[in-house]
Amino acid sequence: MILDGVYYQEKIQEKNYSDNLKQCIEKACNYCIYDESSVPLMMLGKIQSGKTNAFIGLMALAFDNDFDMVFILTKNSSALVEQTRKRMKKEFHRSVKDGDVDIFDIIYLDEDLGWFEQNKKLIVIAKKEKSNLDRILKFIEKYSIDLHKKVIIIDDEADTTGIGFERERETDEFCLRTVADKVNTMREKLPKCSFVQVTATPYSLYLQPEFDEAADIKPIRPMETVLVPSGEGYVGLDYYFVDSQKPGDKRRFIFQPISDEEHELVSEQRRNGRAAIEDGRRIKPANFLDEKNRLKVLVRGVINFIVGSCVLRIEHTRGYYSFVIHTATQINIHKAVGGIVQEIIKKLADSDEGAEKNYVEKLMLESYADIQKSVSAFDIECMPSFEIIRQAFYKSLKDGYVKVILVNSKSQMKQLLDEDTGELRQRTPMSIFVGGSVLDRGVTIPNMIGFYYGRNPKTMQQDTVLQHSRMFGYRDERLMSVTRFYTTNRIYSNMMKIAEIDIELRDDIEQGKNGEGIYFIGRRLCDNEDGKIIPCAPSKTAMSNMEIMKPGRRVLPVGFDSPKTRNNEKLLHEIDQLVSKYRTGEPRELAIVVNVDEIIPMLNKVYGLLNQDEDYSRFIDYEKFVTMLRYLVGDNKKGKKVVQLIVRKNRNLSKRRDNGMYQDAPDTTQDELKIAREVATDHPALILIQQNGKVEDGWSGSKFWWPILVTQQNVKRAMFSLPEQSGNLNTR
C-alpha cells in the first residue's frame, strides 16, 4: 500500500491527523485493496465525532492506490447532499483546481463525459432515494464503470439503509426494500468494488441475516469493523450517562428531570389529531410564570439557557449559543411548543416591571445558583455577580437576542443550514430551535448548551435515540459548565443503558472480542420451558433490549417497591423456609451449588413481593430474569444446569441514591459480589439479599428479597436480545 502519495500526504499536512486516525484510515484502505469477498467494511465512529473526516482520508489514500472513483451515498436529504458536495469541493479544492478530480451530484450530472473527464478521479454523490440511485445505475452502465474502474462505495449513515429487508408473507423469504434493493443492484453491477459502511449506530447492521449466494443479495452484515477515533475534547455517551453518575463528579448538574405530566403535555398526540399541549384547559399562558404552570421545567430550561448564555457572553461578547427542543415528530406539536416558548420569552421580557416580577426573580436566583454550582465544579473562574447577570438577562430579552426557530421540514432545514459550515445558522446570540427528526443525522448545532428532549416511544430504538442526541460533539469545558439536558427519568435511565451497551460494544471491537456472534431469544423461557434458546428474526428485535453478555456482569431488577400485604407475609415465610435449606447460619458463608429447577420456584415467590414503579421502565420482570438464567445455565462447559447460590439477610438500603436515581447496588463488593465473581466460573451465581424495606429508607415498610444474577467467567461473549415491547435489563 502506498502511504506517501500526493492525495493522502496533502490530507495529513492539512488536517494534522493523529496516529490513531492514520491507523484507522490505513487499515480501512488496506481492507479495500486486498479483500475481494464483497463483504462490507464498517467504519464505526461516535455521534458527531469526525466520521466524515475519516472517510475523506480513506478516499485520499484510495486515490493514491489506484482507485478511480468514489460513490458517496448520503441520507435522503437534499440539504445534506449539498452539504456533502461543498465539503468534498473544499477538501479536494487543490486537485479540482488542477483538473485531477471532479465532484458531481448525480441529480445534476446530465451532460456526457468525454474520455478526458472519465479518466479523472471522480467523486459522485447521491442521496439514498430511488430516482437518485436509478441515475447512478444508468451512469455505471453508460460508462462501463464495472469494466475498467476501481471503485469504492461509501454508504454514509449506513444503518438508514441497513435494515433493508422484509419477509414476504407467502414464501417467508427475505426480499429487499426499494432503496436497499437499488444499493444491492449497484453492488452487483460493480462486483469488485469495495463497500464501506459509515455509521455511529451499527446495531441494525450487526443484526442482519446471512444470505446464501442463490438469494442474489450482497452481504449486508460487516465482516470487519474499523473504529474511528474521537479526538480530544469529544463529549459523548459516557460523558453524559456514565461519568456524570460518579459521586461528586462535576457533570452531575447536567441532567434535569421532567415530570411525567409535563412530558405528556409536550409530546402526546391525541386521537383527534390535536396535541395535548394545545389543551387550553391545562395550558394557560397566564400561568406560565407562576406556581400553577404545568410546564415548569420548560420555563426553567429557557431561563437556564438565557442565564448560561449571559455567563458565557460576559467573557466572550460575540458568542452565539443554541438550545434545542425535540419532543415529537408532529408539526402541530412543534408549532404549539414553539408558540409557548415565544410566549414565555415575551412574558419574561415584560416581567421586569410587571406583577410577575417577584416570581421571575425567584426563578432567576434558582437558575443562577444552579449554574454557579456547576461553573464552580468545572473550576472555571468566570461567574459574574447575580446583578450583572440579571441586567444582561433582561437586556438580552428586550434587545431581541433570543429567537425561537421552528425546524419542521427538509426544505426549512436547507434554508437554515450555513452554506460554508453545514451547521444550523444562528441569527441571534441565543437561538432556540424547535423541531423533530430533521434535527438528527448529519446536523451540527453550534455551541449547544441546552437540550429539552421528550421523544419517548414505548420501545426505544437504540440507534434512533443516539441519532437524536445532538448534544454530542466537540465542546469545551466552558460550554459544558452551563450545559443542561432535560428529559424524564425513564428516558434518562434508558439512555444510561444505551450508553453502557454502546461503550461495551466499542471496547469489545477494539480488543477483538466481538467475534463470537450475536444471539437472540425469540420467546421467554420460564418454568414450563425446557431451556432451549429459540431464535427470532433480527428485524423484530428491539435494540433497547439488547445486552452485552460478558463475564462477571450483574443482572437485577431496579425501580420497584414491596407493599405490605397479607400475601406478602405468606410469601416471605415460604421463601424463608426454602432459603433455610441452603444456609448454614454463617454470616459470610460461601456459595452453595443448587439445581436451577429448585431455584426457579423460589424466584417466582421472590418476584411475588416486587411491584414495578410506574415511572421506571428498566425493571426486569420475573420472566425476563428467568430467561437470562436459563440461557446462562445452558451456556457452560460442563453441561450441569446449576447455580452458585449466595444468601444474605437483614440488610437496610435506601430505595434511592443521594442524586434521586434508583438504587441499583444492593450487593457489596467486598462480600457477596466478590464471592459470586470468584465462584461463577462455569456456572452463574445468584445472590439473594433480604432487605428490611424500612419506611425511613423510602420503601413501603415490608421486607423483600432482592435477586442479583452474576454471569460466569466462561460465558460466551455475545450480544443478547429479547424482542419485547418494553422494559430493559439492568446490568453492570
Side-chain angles (χ1 to χ4, degrees), residues 237-238 240-249 251-263 297 453 456 458 460 465 485-501 503 544-545 547 553-564 568 603 606-622 624-625 628 648 651-669 672-673 687-710 724 726-732:
L237 274 168
D238 49 352
Y240 280 93
F241 304 109
V242 179
D243 296 337
S244 63
Q245 298 303 302
K246 298 173 182 175
D249 190 89
R251 288 154 282 208
R252 65 189 183 277
F253 301 101
I254 292 175
F255 170 53
Q256 308 265 309
I258 301 172
S259 70
D260 291 339
E261 180 193 23
E262 179 170 337
H263 171 254
V297 178
Y453 182 60
N456 194 10
K458 290 182 178 178
M460 296 185 72
V465 172
F485 175 49
Y486 310 91
T487 194
T488 65
N489 279 313
R490 175 182 183 269
I491 295 176
Y492 190 81
S493 64
N494 275 332
M495 294 185 83
M496 287 171 62
K497 164 53 60 183
I498 288 171
E500 181 183 14
I501 293 170
I503 292 166
S544 59
N545 284 335
E547 299 295 329
R553 290 182 71 83
R554 300 159 63 256
V555 180
L556 68 158
V558 171
F560 61 87
D561 211 328
S562 183
K564 196 168 187 176
N568 277 18
L603 286 171
V606 165
Y607 264 95
L609 299 168
L610 310 182
N611 285 359
Q612 178 181 0
D613 286 353
E614 291 183 0
D615 66 342
Y616 200 73
S617 65
R618 286 173 62 188
F619 178 79
I620 169 175
D621 63 23
Y622 163 71
K624 194 183 291 184
F625 192 93
M628 290 287 286
R648 296 290 183 267
R651 292 285 176 86
N652 294 293
L653 185 70
S654 297
K655 183 176 179 178
R656 294 180 183 268
R657 299 177 182 177
D658 292 340
N659 62 3
M661 301 296 289
Y662 281 104
Q663 180 60 253
D664 65 353
D667 45 345
T668 58
T669 57
E672 57 271 6
L673 182 57
I687 303 171
L688 287 178
I689 298 178
Q690 184 198 65
Q691 292 285 340
N692 291 322
K694 293 180 179 179
V695 173
E696 55 265 35
D697 289 329
W699 303 99
S700 299
S702 177
K703 292 181 179 181
F704 62 91
W705 288 85
W706 204 328
I708 304 106
L709 183 61
V710 180
E724 298 185 78
S726 63
N728 288 287
L729 297 174
N730 181 21
T731 66
R732 185 181 70 187

So which heavy atom on [X] is nearest to which on [Y], and how close?
X: Glu262; Y: Val297; answer: OE1-N, 3.0 Å
X: Pro257; Y: Asn489; answer: CB-OD1, 4.1 Å
X: Pro707; Y: Leu610; answer: CD-CD1, 4.3 Å
X: Gly693; Y: Trp699; answer: O-CB, 3.2 Å
X: Asp249; Y: Ser244; answer: OD2-CA, 4.1 Å
X: Pro666; Y: Ile708; answer: CG-CD1, 3.8 Å

Test side chain to side chain contact (heavy atoms under 4.5 Å, CB included) on Arg490 and His263 and set out the steps. CA-CA 11 Å; Arg490 175 182 183 269; His263 171 254; over 6 Å; no
State, yes or no, whether a side-chain contact exists between Gln612 and Asp621 at a heavy-atom distance under 4.5 Å. no
Could you check whether any side-chain heavy atom of Ile254 comes within less than 4.5 Å of a side-chain heavy atom of Phe241, counting everything from C-beta outward? no
Rounded to the nearest 0.5 Å, how far apart are [atom1] of [X] and [atom2] of [Y]?
X: Asp664; Y: Met496; atom1: CG; atom2: CE; answer: 7.0 Å
X: Arg651; Y: Thr668; atom1: CZ; atom2: OG1; answer: 5.0 Å
X: Arg251; Y: Gln245; atom1: CZ; atom2: CD; answer: 11.0 Å
X: Leu556; Y: Gln663; atom1: CG; atom2: CD; answer: 9.5 Å
X: Ile689; Y: Asp667; atom1: CD1; atom2: CG; answer: 5.0 Å
X: Ile258; Y: Tyr492; atom1: CD1; atom2: OH; answer: 13.0 Å

Side-chain donor/acceptor of Ser700 to backbone N/O of Asp561, under 3.5 Å: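 No.
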Are the side chain of Glu672 and the backbone of Arg648 linked by a donor-acceptor contact shorter than 3.5 Å?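 No; judged by distance alone, with no hydrogens or angles, the pair does not exist.
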Run the side chain to side chain contact (heavy atoms under 4.5 Å, CB included) test on Lys694 and Asn652 for me, step by step, so that the C-alpha distance in whole Å, both residues' side-chain angles and the decisive distance to 0.1 Å come before the verdict. CA-CA 7 Å; Lys694 293 180 179 179; Asn652 294 293; 3.2 Å; yes
Quick one: which of Trp705, Trp706, Tyr622 gives a ring pair (Phe, Tyr, Trp, His ring centres under 6.0 Å) with Phe560? Trp706
Show, in sequence, the C-alpha distance, side-chain angles and deciding distance for Asn568 and Ser702, and conclude whether the side chain to side chain contact (heavy atoms under 4.5 Å, CB included) test is met. CA-CA 8 Å; Asn568 277 18; Ser702 177; 4.1 Å; yes
Parallel, tilted or perpendicular, as decided by the 30° and 60° cut-offs, for the rings of Phe255 and Phe485: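 Tilted.
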